[in-house]
Amino acid sequence: MPPGLCRAKLSLTLHPEPPTMLKRTHTCGQPRLADAGKTIALNGWVNTYRDQGRGLLFVDIRDRDGLCQVVFNLEHASPELVQQAKALRREDVIGVRGILRLRSGEPNHKLATGEVELAAEELEIFNKAENPPILPDDHDAEKIGEETRLKYRYIDLRRPRMQHILRTRSKVTKLARDYFAANGFAEVETPLLIKSTPEGARDFIVPARLHQGMWYALPQSPQLFKQILMVAGFDRYIQICKCLRDEDPRADRQAEFSQIDLEMSFVEREDVMTMMGGFAHAVWHDILGYDIGRIEQMTWQEAMDRFGIDRPDLRNPLEIREITDIVAGSEFQVFQQAVEKTRAGRSGCVKAIRVPGGAEKLTRKMTDGYSEFVKQFKTGGVAVAKFTAAGFDTGVAKHLEPFKDALVARLALQPGDSVLIVADHWDTATKALGELRLKVGRDLGLVNESEWRFLWVIDFPMFDWDEDGQRWVAMHHPFTSPNPDQFHLLESEPGKCLSAGYDLVVNGSEIAGGSIRIHRMDVQEKVFKLIGLTKEDADAKFGFLLSALRHGAPPHGGIAFGLDRLLMHLVGTDNIRDVIAFPKTQSGGDLMIDAPGPIDEQQILDCGMKVTLLEKKS
RNA sequence: GGGGUGGUAGCUCAAUUGGUUAGAGUUCCGGCUUGUCACGCCGGUGGUUGCGGGUUCGAGUCCCGUCCGCCUCGCCA
């Protein structure tokens with residue numbers, strides 16, 4: 001090792017040769033009272049300057065590590081130095097050397113370095129900065145428009161908050177590599193230029209110059225390659241990789257995102273869940289000092305029935321109950337019509353949420369708002385009633401009164417409660433109430449924000465019936481295996497067949513998902529057939545996988561942890577762009593580099609193409 | 001593709017029913033200031049009101065189109 005460099009520990013004393021620049025001896029957050037009296041040097045950016053007039057000037061110098069006050073004082077430094085320092089402005093990049101000393105004035109308890117200051121004797125200005133469009137202060141940043149922050153990302157990222165987030169991200173990826181390496185996983189890279197697949201999200205595509213008229217696709221995940229690595233005998237694989245899906249972004253979703261991707265051989269569902277649960281434990285322990293305890297499990301059906309969503313937020317105490325059977329005989333048209341509906345083989349239903357104390361807590365304005373709110377999920381509205389000692393009151397009370405005893409028993413109603421009811425197709429009502437449950441929980445402050453509630457959701461259906469395409473579609477992906485006891489349903493009742501998939505949910509957010517895969521070619525072919533993939537299509541698209549399955553595929557399964565979402569939880573943000581160094585906007589643009597952009601005509605010709613834009617239909 | 005919301009000084013925002021020269025804080029520039037720390041005080045610079053068109057005696061404000069940011073439905077195996 002060259003002197004000054006460490007194999008595994010941070011070192012800042014890099015002096016293999018006599019320095020030609022004013023090089024730091026400490027980072028800006030390091031100096032402490034114990035260092036007082038030493039001559040030290042700092043490198044960094046001018047965070048603020050405070051000119052006190054005549055010969056006294058304070059400069060706060062900032063680097064990745066923190067802030068330190070530098071004082072330029074005529075009594076201790078030359079007039080030339082003080083003059084030079086007076087010209088310093090925000091975000092200039094400098095080096096300063098001098099004696100670290102106890103502050104003459106009051107200590108600043110807001111700074112880790114607040115008891116000391118650097119009495120400057122030498123100053124080197126590495127680079128003057130233009131007047132910055134934004135300042136890298138956390139207290140300003142929350143107010144600054146994101147558009148400006150993204151355009152000047154190199155300034156935004158200087159903020160302590162952003163430095164903290166990206167360093168936390170780095171800690172998590174290091175932790176992942178350490179944890180999985182210790183458990184026998186090998187990191188293997190898989191290709192970025194692959195072939196477009198028919199299932200799943202829209203692919204990003206790349207023209208193939210050497211095969212004119214042909215296209216690569218960028219991977220939505222390394223799914224097939226990691227399965228092939230199992231066939232290839234790697235047994236335990238991990239990769240921290242980029243995945244790309246050409247779909248519209250959201251607050252918690254980017255077209256380009258990262259996942260901690262792994263796959264294991266000779267395992268069953270519980271083995272993968274245990275391995276990944278251990279990683280979640282390690283992350284929450286090491287990053288937040290929190291013990292997540294034993295992770296609960298819940299079937300998909302129970303999650304949908306009780307919470308109306310496949311990733312329930314267990315911090316929210318409200319639950320959904322089906323009351324279709326109770327009100328089936330109702331003359332209330334809304335209930336009647338719902339019960340008569342059918343879609344995807346399911347009858348319509350009537351479902352309710354009991355809101356404890358809702359009679360007082362839910363105002364008319366709020367419940368009116370809830371009816372508006374659920375319309376975005378394509379249902380008509382919310383039926384509301386209060387429950388008192390005398391029975392149902394207001395709203396749809398008269399339609400509920402005939403079924404009072406049964407409803408009280410089913411919903412465990414107490415006087416003073418309210419009931420919120422949605423009647424519609426099963427999927428519509430479930431979705432609407434699932435979302436409404438979350439909204440009411442937030443509105444009434446029922447969610448303890450400081451809590452972490454982890455949950456494995458298991459026993460997903462293998463297939464969803466696609467009404468438009470009139471066919472089965474894989475709920476997870478078409479390489480997911482049925483549960484071992486479900487194989488017989490694959491042919492007889494595919495709609496009832498449960499898969500060996502599993503999702504890890506924390507506080508209502510899916511942070512990891514995976515499954516045991518199909519390792520037998522005959523089963524894989526059966527699934528392809530069920531989702532309407534002809535043998536020819538399957539061979540053309542996935543022939544290599546079918547071939548691999550014929551040549552000795554071990555039982556295997558895996559999971560992928562969404563790195564971006566994981567970070568969102570760890571640092572407490574609801575904006576995925578905050579945890580990505582260079583994120584894209586909702587229209588897929590990068591405001592800093594101004595992408596996407598045009599390319600030279602020659603580049604297009606090289607691919608044997610010409611571009612004709614279709615007119616927008618109006 | 002649909003719905004919502006926003007775009008005014010470098011930054012964050014204001015501007016009454018369509019009515020004078022579009023204001024404020026902050027940044028920046030100049031001056032003052034020897035213990036500040038989001039320093040303070042005084043003064044000053046700074047505007048194609050996203051862009052294009054229209055209505056009007058008169059448009060930041062109303063209308064049409066368009067671009068961009070954010071939230072959301074669809075979509076995201």
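First the proteins, then the strands, lettered A, B, ... as listed; each starts at 1.
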Considering only the [atom1] atoms, how many Å lie between [N] and [M], rounded to the nearest integer?
N     : M     : atom1 : answer
B:G2  : B:A22 : C1'   : 36 Å
B:G19 : B:C64 : C1'   : 24 Å
B:G60 : B:G18 : P     : 13 Å
B:U27 : B:A38 : P     : 13 Å
B:C29 : B:G23 : P     : 24 Å
B:U49 : B:C68 : C1'   : 16 Å
B:G50 : B:A9  : P     : 8 Å
B:G47 : B:C63 : P     : 29 Å

*Look through every strand shown and name the nucleotide pairing with B:G69 as Watson-Crick or G-U wobble, where both distances are under 3.5 Å.*
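B:U5 - that is the nucleotide pairing with B:G69, both distances being under 3.5 Å.
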_Looking at B:A59, which nucleotide sits across from it as a Watson-Crick or G-U wobble partner, both distances under 3.5 angstrom, or is there none?_
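Across all strands, not a single nucleotide pairs with B:A59.
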*Please find out if less than 6.0 Å separates the ring center of A:F542 from that of A:F479.*
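Ring centres of A:F479 and A:F542 closer than 6.0 Å.
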*Who passes side chain to side chain donor-acceptor pair (under 3.5 Å) against A:D564, sequence neighbours left out?*
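A:D564: side chain to side chain donor-acceptor pair (under 3.5 Å) contacts with A:R169.
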Touch class at under 4.0 angstrom, heavy-atom based, for [X] against every strand present:
X      : answer
A:P478 : base
A:R577 : sugar-phosphate
A:E147 : sugar-phosphate
A:T480 : nothing

_Taking salt bridge (charged side-chain N to carboxylate O under 4.0 Å, His left out) as the cut-off, I'd like each qualifying pair that reaches into residues 70-82 of chain A, sequence neighbours left out, listed once._
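Listed by first then second residue: nothing to list.
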Rounded to the nearest angstrom, tell me the gap between atom [atom1] in [X] and atom [atom2] in [N].
X      : N     : atom1 : atom2 : value
A:D427 : B:G74 : CG    : C1'   : 14 Å
A:I144 : B:U26 : CD1   : P     : 16 Å
A:E372 : B:G4  : CD    : C1'   : 12 Å
A:Q376 : B:G4  : CD    : C1'   : 10 Å
A:R245 : B:G74 : CZ    : P     : 17 Å
A:D464 : B:C75 : CG    : C1'   : 14 Å
A:Q254 : B:C76 : CD    : C1'   : 13 Å
A:R159 : B:C11 : CZ    : P     : 16 Å

*What residues form a side-chain contact (heavy atoms from CB on, under 4.5 Å) with A:E91, not counting sequence neighbours?*
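A:E91 satisfies side-chain contact (heavy atoms from CB on, under 4.5 Å) with A:W45, A:R62, A:A129, A:P132, A:P136, A:R158 once adjacent residues are dropped.
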Side chains of residues 459-466 of chain A: which donor-acceptor partners sit under 3.5 Å, not counting sequence neighbours?
residue : atom : partner : partner atom : Å
A:D459  : OD1  : A:R269  : NH1          : 2.9
A:D459  : OD1  : A:N483  : ND2          : 2.8
A:D466  : OD1  : A:D468  : N            : 3.2
A:D466  : OD1  : A:G469  : N            : 3.4
A:D466  : OD2  : A:G469  : N            : 3.2

_Between A:H76 and A:E121, do the side chains contain a donor N or O and an acceptor N or O under 3.5 Å apart?_
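No - no donor-acceptor pair under 3.5 Å links their side chains.
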*Identify, between A:N131 and A:K584, the residue whose nearest nucleotide on RNA chain B lies closer to the 5' end.*
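Whichever sits nearer the 5' end wins; that is A:N131.
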*Would you say B:G69 has OP1 or OP2 under 4.0 Å from some side-chain N or O of A:S587?*
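It does, given that an N or O in the side chain of A:S587 lies less than 4.0 Å from OP1 or OP2 of B:G69.
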*Are A:Q220 and B:C76 close enough that a side-chain N or O sits under 4.0 Å from OP1 or OP2?*
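For A:Q220, the contact criterion (side-chain N or O under 4.0 Å from OP1 or OP2 of B:C76) is not met.
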Which donor-acceptor pairs under 3.5 Å do side chains of residues 244-255 of chain A form with protein atoms, sequence neighbours excluded?
residue : atom : partner : partner atom : Å
A:R245  : NE   : A:Q220  : O            : 3.3
A:R245  : NH2  : A:Q220  : O            : 3.2
A:E247  : OE2  : A:R202  : N            : 2.9
A:R253  : NH2  : A:D248  : O            : 2.8
A:Q254  : OE1  : A:K584  : N            : 2.9
A:Q254  : NE2  : A:K584  : O            : 2.7

*Can A:D427 and A:K431 be counted as an ion pair, charged N to O under 4.0 angstrom?*
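Salt bridge between A:D427 and A:K431, a charged N being under 4.0 Å from a carboxylate O: no.
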_Using a 4.0 Å heavy-atom cut-off to protein, can you give one letter per nucleotide of nucleotides 30-38 of chain B, 5' to 3': B if the base is in contact, S if only the sugar-phosphate is, - if neither?_
S--BBBBBB
*Closest to side chain of A:A251, choosing from B:C76, B:G74, B:C71*: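 The closest nucleotide is B:C71.
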*A:F373 ring centre to A:K439 NZ or CZ under 6.0 Å, with the angle to the axis within 45°?*
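Ring-cation test returns yes.
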*Check if the side chain of A:R149 and the base of B:G69 share a donor-acceptor pair of N or O atoms closer than 3.5 Å.*
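Between B:G69 and A:R149, which were checked side chain against base, a qualifying N/O pair under 3.5 Å is absent.
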